[in-house]
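Step one of this worksheet: look at the structure below.
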Amino acid sequence: MGAVLCHVSTRQNGRVYVLVRQASGGEFLVDTLDDAGTPIEAARSLTPVAFSSFVSSVEPGTTAPRWVWDNTAHIYPALLAGGIRVQRCHDLRLCHVILKNSALTSTSDLALAAPGRWDLASSPASDQAEARATLFDFDVTSVADGADESSLRELRRQLDAVAGAAEPGRLRLLLAAESAGALIAAEMRYAGLPWRTDVHDLLLTRELGARVAPGARPGRLERLAQRIRSELDDAALNPDSPQELFRALQRAGLAVTSTRGWELKKLQHPVIEPLLQYKKLSRLLSANGWTWMESWVVDGRFHPDYVPGGVVTGRWATRGGGALQLPKQIRGAVVADDGWKLVVADAAQLEPRILAALAQDTSMARAGRGTDLYAGIVSSGVVETRDHAKVAMLGAMYGATTGESGRLMPRLARAYPLAIALTESAARAGERGEVVTTRLGRSSPIPGPGWHESQAQAYDPAATATDERRARSQARDWGRFTRNFIVQGSAAEWALCWMAEIRRELTALTRADAAPGPAGESGRRAAGFGSPGARAPFDSSPHLVFFLHDEVIVHTPAVHADAVARIITSAAETAGRLLFGDFPVDFMLTVAIVDNYAQAK
DNA sequence: GTGATGGGCGCC
DNA sequence: AAAAGGCGCCCATCAC
């Protein structure tokens with residue numbers, strides 16, 4: 001099992017890492033280091049222009065270094081704006097979070113050190129307002145490094161922590177993948193998702209009625225509001241107010257406990273149909289209506305702000321724009337440019353396949369080989385229908401114990417004892433307050449002080465039944481979290497490797513015909529949101545434009561679409577091998593070459 | 001007026 | 001009896 005999973009970098013010309021820091025004056029301090037973090041050349045201080053030239057002079061070739069910097073989101077956008085991409089980086093901030101928490105490095109100096117600036121202001125989620133202002137300017141924050149806080153010191157601590165870990169290969173892969181994710185996030189934001197506002201407007205108008213001033217209700221929505229008012233006999237009712245609505249429903253004799261859609265669905269009353277319609281449409285208007293379009297789509301591109309590592313499990317989050325919640329209703333507005341295509345790929349039943357591989361459950365892996373995994377479970381005779389297979393699997397991964405899912409679980413456990421035992425042991429660990437760890441080494445947080453207090457309280461001789469019930473319930477909650485953590489977190493790792501591999505192969509695909517001129521070219525194409533359409537270095541070659549947990553979109557000149565589809569497919573196989581070596585699990589994809597996103601699936 | 005909170009619902 | 005993992009965003013509401 002302990003196969004070498006990855007090599008970070010080969011030594012070429014002795015240059016392995018180039019550490020980049022920004023000084024308060026705006027200049028860049030550049031240190032060339034070997035793979036132990038030891039400087040091998042005198043450090044240099046470069047102006048922003050000189051720094052750009054330096055990067056573009058070493059970058060396109062096979063000897064490009066791994067750039068080490070505090071925060072990819074601070075430095076990389078400015079390089080992109082100058083038409084410069086880099087192949088590899090090491091994001092100290094993201095890597096710190098992983099290593100600080102990982103059970104694989106728990107005895108390292110890094111893990112044992114007192115919290116410093118790398119812990120305080122550096123967690124991805126707290127990365128508040130580095131937002132849009134910094135996108136096309138170098139972010140010149142003053143970096144007041146104390147001796148223990150310097151980037152060089154931090155890099156060495158990170159390298160030491162990895163070298164001393166039980167599974168250094170896995171951690172190296174994780175850090176490389178996480179950092180590649182940071183590059184991809186910056187690139188996707190910079191390139192943007194092709195977005196046709198005219199199509200979006202058409203879709204909105206068809207659903208809601210003609211566009212009206214912000215704050216007003218479009219015609220169709222207003223008519224639904226009127227119907228709701230008359231059915232509930234309340235001429236002043238504001239259907240946007242859950243409280244008013246709740247009272248009005250009660251008055252109409254409907255025994256509801258909330259105004260949630262799924263609860264309303266079960267009721268028989270003439271108000272229900274227009275009310276559900278209203279909820280659906282008002283959601284569309286407020287979340288992805290004209291206001292959203294005006295603020296997030298610029299020059300035919302949607303530029304979401306991805307936050308790599310923004311979720312404890314390692315999934316990405318977004319900040320503003322809600323890119324990870326694009327409703328199906330408006331995906332038709334995502335349209336490839338003329339002469340271009342979208343290649344939309346989705347990993348089918350990713351999490352159960354990840355679970356099968358994590359648990360080395362060959363039976364479950366076999367059920368998914370070359371086919372829909374849920375269909376495979378059915379044809380193995382475990383359950384009768386695909387729906388049952390799906391519900392049972394989700395229950396196993398999310399921790400359902402009752403209902404249909406709970407009833408089906410025993411059959412799943414009999415057919416796939418290894419997989420189910422793994423989810424159960426992760427749950428038990430969480431219930432005991434222990435940490436669980438993903439395939440590559442990301443560990444779950446420990447529960448907060450309140451959790452431990454409740455548990456301790458339940459063991460107190462004076463504990464009441466309520467204390468015990470609360471403690472048990474919180475323990476089970478945390479167990480469900482850790483149960484899911486190993487699967488969701490390992491799936492996120494697979495997805496990062498998948499994307500990193502796609503990115504690498506895409507650049508190789510067109511490197512010959514789109515070789516950017518070295519220096520000179522940089523700066524000339526510097527583009528802000530104000531410039532039209534596609535941007536260098538992405539204006540002529542296939543590139544990732546969207547990522548959604550287990551799904552990617554590549555925007556590509558039509559001529560390359562088939563090659564892109566093959567790259568995406570083989571990248572999935574590579575990702576599987578990187579995480580799970582020779583274990584025979586398939587990671588199946590659905591791949592579609594389309595003109596707009598709504599045509600996929 | 002601003003900030004925090006919770007309901008509700010979109011995505012995986 | 002109901003119950004499920006992870007998010008972000010908008011709105012109404014309420015405390016300040």
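Note that the coordinates shown come from a computational prediction; the quantities given were computed from them, not determined experimentally. Residue numbers start from 1 in every chain, and the chains themselves are labelled A, B, ... in the order their sequence lines are given, proteins ahead of strands.
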TODO: Tell me which nucleotide among B:dG8, C:dC7, B:dC11 gets nearest to the side chain of A:A317.
DONE: C:dC7

Open item on the list: How many whole angstroms separate atom CZ of A:F547 from atom P of B:dC11?
Closed with: 17 Å

Open item on the list: With the stacking rule set at 5.5 Å and 30°, tell me whether A:Y398 counts as stacking on C:dG5.
Closed with: yes

Open item on the list: Taking any heavy-atom pair under 4.0 Å as a contact, classify A:R476: base, sugar-phosphate, or nothing.
Closed with: nothing

- [ ] Ignoring backbone atoms, test whether A:R283 places a side-chain nitrogen or oxygen under 4.0 Å from the OP1 or OP2 oxygen of B:dC9.
- [x] no

Task: Presence of salt bridge, A:R217 and A:D240, under 4.0 angstrom - done: yes

Task: Rounded interatomic separation in angstrom, taking CD from A:Q243 and C1' from C:dC14 - done: 9 Å

Open item on the list: From CD1 of A:I553 over to P of B:dC11, roughly how many Å is that when rounded to an integer?
Closed with: 14 Å

- [ ] Using a 4.0 Å heavy-atom cut-off across all strands, classify A:V312 as base, sugar-phosphate, or nothing.
- [x] sugar-phosphate

TODO: Just call it for A:S282: base, sugar-phosphate, or nothing, with non-hydrogen atoms closer than 4.0 Å on any strand.
DONE: nothing

Open item on the list: How many whole angstroms separate atom CG of A:L324 from atom P of C:dC10?
Closed with: 14 Å

Task: Nucleotide of C:dA12, C:dG6, C:dA4 approaching A:H549 most closely (side-chain heavy atoms) - done: C:dG6

Open item on the list: Show, in sequence, the C-alpha distance, side-chain angles and deciding distance for A:H200 and A:W292, and conclude whether the ring-ring contact (aromatic ring centres under 6.0 Å, His included) test is met.
Closed with: CA-CA 11 Å; A:H200 188 180; A:W292 178 92; 5.7 Å; yes

Open item on the list: If the threshold is 4.0 Å, N to carboxylate O, is there a salt bridge linking A:E207 and A:R283?
Closed with: no

Task: Interatomic distance where OH belongs to A:Y278 and P belongs to B:dG8 [whole Å] - done: 15 Å

Task: Presence of A:K279 side-chain N/O under 4.0 Å of B:dC9 phosphate oxygens OP1/OP2 - done: yes

Open item on the list: Categorize A:G321 for me: base, sugar-phosphate, or nothing, with a 4.0 angstrom heavy-atom threshold over every strand shown.
Closed with: sugar-phosphate

TODO: Pick base, sugar-phosphate or nothing for A:L326, based on heavy-atom distances below 4.0 Å to the nucleic acid.
DONE: sugar-phosphate

TODO: Could you check which of B:dC12, C:dA12, C:dG6 has an atom nearest any side-chain atom of A:Q488?
DONE: C:dG6

Task: Gap between atoms NZ and P, on A:K328 and B:dG10 respectively (whole Å) - done: 11 Å

Open item on the list: Side chain of A:L548, heavy atoms from C-beta onward: which of C:dG6, B:dG7, B:dC11 has the nearest atom to it?
Closed with: B:dC11

- [ ] Identify whether any heavy atom of A:G261 sits under 4.0 Å from a base atom; if not, whether one sits that close to sugar-phosphate; answer base, sugar-phosphate or nothing.
- [x] sugar-phosphate

Open item on the list: Could you tell me how far apart A:Q474 (CD) and C:dA3 (P) are, to the nearest whole angstrom?
Closed with: 19 Å

TODO: Take A:E244 and A:W262, find for each the nucleotide of DNA chain C with the closest heavy atom, and name the residue whose nucleotide sits nearer the 5' end.
DONE: A:W262

Open item on the list: For A:R247, is there an ion pair with A:E244 - N to carboxylate O distance below 4.0 angstrom?
Closed with: no

TODO: Would you please confirm or rule out a distance under 4.0 Å between OP1 or OP2 of C:dG5 and any side-chain N or O of A:T313?
DONE: no

Open item on the list: Before you tell me yes or no, could you show the steps for A:D299 and A:R301 under salt bridge (charged side-chain N to carboxylate O under 4.0 Å, His left out), namely the whole-Å CA-CA distance, both residues' side-chain angles and the distance that decides it to 0.1 Å?
Closed with: CA-CA 6 Å; A:D299 273 324; A:R301 296 286 189 267; over 6 Å; no

Open item on the list: Using whole Å, what does the distance between atom C1' of nucleotide B:dC12 and atom OH of A:Y597 come to?
Closed with: 10 Å

Open item on the list: For the P atoms, the ones on C:dA1 and on B:dC9, what distance do you get once it is rounded to whole angstrom?
Closed with: 25 Å

Open item on the list: Has A:S102 got a side-chain atom pairing as donor or acceptor with A:G441's backbone, closer than 3.5 angstrom?
Closed with: yes

Open item on the list: Side-chain N or O of A:S241 versus OP1/OP2 of C:dT13: is the shortest distance under 4.0 Å?
Closed with: yes

Open item on the list: Below the 4.0 Å mark, does C:dG6 have OP1 or OP2 next to a side-chain nitrogen or oxygen of A:R315?
Closed with: no

